[in-house]
Amino acid sequence: MTPRRLAPVLLAGLAGLVFGLGLAVSRMVDPARVLGFLDVAGEWDPTLAFVMAGALAVTLPAFRWLPRRQQPWLGGRFQLPTRQDVDARLVAGAMLFGVGWGIAGLCPGPALAALASGLPEVVGFVVAMAVGNAAAGRLT
């Protein structure tokens, strides 16, 4: 692999590592922490709100700055969503994601970061996620 092609791969790996470390440090890899946030009628844990606020503080300025660039530093072109409408398929997918998140307390990023824990329920979640992703790819 040439250095020009290797740099994006290394930076993507570094970004994933930083993201995973952030999830681990904030303890968002712990399903109980996420479920505690969703339990507004019980012993509510607001820490996920602070993590979300921190993510927005980084992301929103970047999305304002991004359109000013002609192209990515290491890629050919930006790959941003172009559709702005909300259809039934998007709503159904969002609902399924939310229900799954509420049941398991995990979503894809934290689940992948939590694989290092070796917990059987996390491994099962990631396997089910991979199977579901493969099935969705065959249906669309």
Side-chain angles (χ1 to χ4, degrees):
M1 185 176 278
T2 64
R4 184 179 172 98
R5 297 186 80 186
L6 183 61
V9 173
L10 290 176
L11 285 177
L14 179 64
L17 181 65
V18 169
F19 181 66
L21 284 173
L23 291 171
V25 167
S26 65
R27 297 186 48 208
M28 290 301 121
V29 294
D30 180 4
R33 175 118 0 211
V34 174
L35 293 174
F37 175 76
L38 298 174
D39 187 12
V40 292
E43 294 187 32
W44 185 57
D45 179 358
T47 52
L48 180 57
F50 292 106
V51 173
M52 290 179 180
L56 284 173
V58 172
T59 303
L60 288 178
F63 270 83
R64 300 248 333 145
W65 169 76
L66 194 63
R68 297 181 196 156
R69 296 197 45 84
Q70 294 293 320
Q71 67 182 61
W73 286 324
L74 299 173
R77 64 181 176 88
F78 289 111
Q79 296 181 12
L80 298 172
T82 56
R83 287 186 57 178
Q84 307 233 341
D85 61 321
V86 177
D87 62 3
R89 189 172 169 196
L90 176 64
V91 172
M95 290 174 64
L96 277 173
F97 180 88
V99 167
W101 195 39
I103 291 172
L106 287 169
C107 63
L112 292 175
L115 270 178
S117 71
L119 292 172
E121 56 267 24
V122 173
V123 174
F125 180 91
V126 171
V127 168
M129 182 175 68
V131 170
N133 191 28
R138 289 181 178 258
L139 294 175
T140 56

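Bear in mind that the values here come from a model prediction, so they are computed numbers and not experimental data. These values consider heavy atoms only, across backbone and side chains, with no hydrogens, waters or symmetry-generated copies.
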Shortest non-hydrogen contact between [X] and [Y], atoms and distance:
X	Y	answer
Leu74	Pro8	O-CG, 3.6 Å
Ser26	Val51	CB-CG2, 3.7 Å
Leu90	Asp85	CD2-O, 4.3 Å
Phe37	Met52	CE2-CE, 4.4 Å
Ala113	Gly20	CB-CA, 4.1 Å
Ala104	Pro31	O-CB, 3.4 Å

Taking the side chain as everything from C-beta on, heavy atoms only, tell me whether [X] gets closer than 4.5 Å to [Y].
X	Y	value
Met129	Leu112	yes
Val99	Ile103	yes
Leu48	Arg33	no

For Arg69, does the CZ atom sit with more than 12 other heavy atoms under 6.0 Å from it, leaving out its own atoms?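 Enclosed.
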[X] [atom1] to [Y] [atom2] distance, which is reported to the nearest 0.5 Å:
X	Y	atom1	atom2	result
Phe125	Leu119	CZ	CG	13.5 Å
Leu17	Leu11	CG	CG	12.0 Å
Phe19	Leu14	CZ	CG	14.0 Å

Hey, quick one: are [X] and [Y] part of the same hydrophobic cluster, counting side-chain heavy atoms closer than 4.5 Å, chains of contacts allowed?
X	Y	result
Phe78	Trp73	no
Phe63	Trp65	no
Val58	Leu23	no
Met28	Val40	yes

Taking Asp39's backbone N and O only, do any of them form a donor-acceptor pair with Trp44's side chain (distance below 3.5 Å, no angle check)?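 Judged by distance alone, no pair lies under 3.5 Å.
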Hey, are Thr47 and Arg27 close enough side-chain-wise for a donor-acceptor pair under 3.5 Å? no
Run Val34 and Leu106 through side chain to side chain contact (heavy atoms under 4.5 Å, CB included) and show every step you take. CA-CA 7 Å; Val34 174; Leu106 287 169; over 6 Å; no
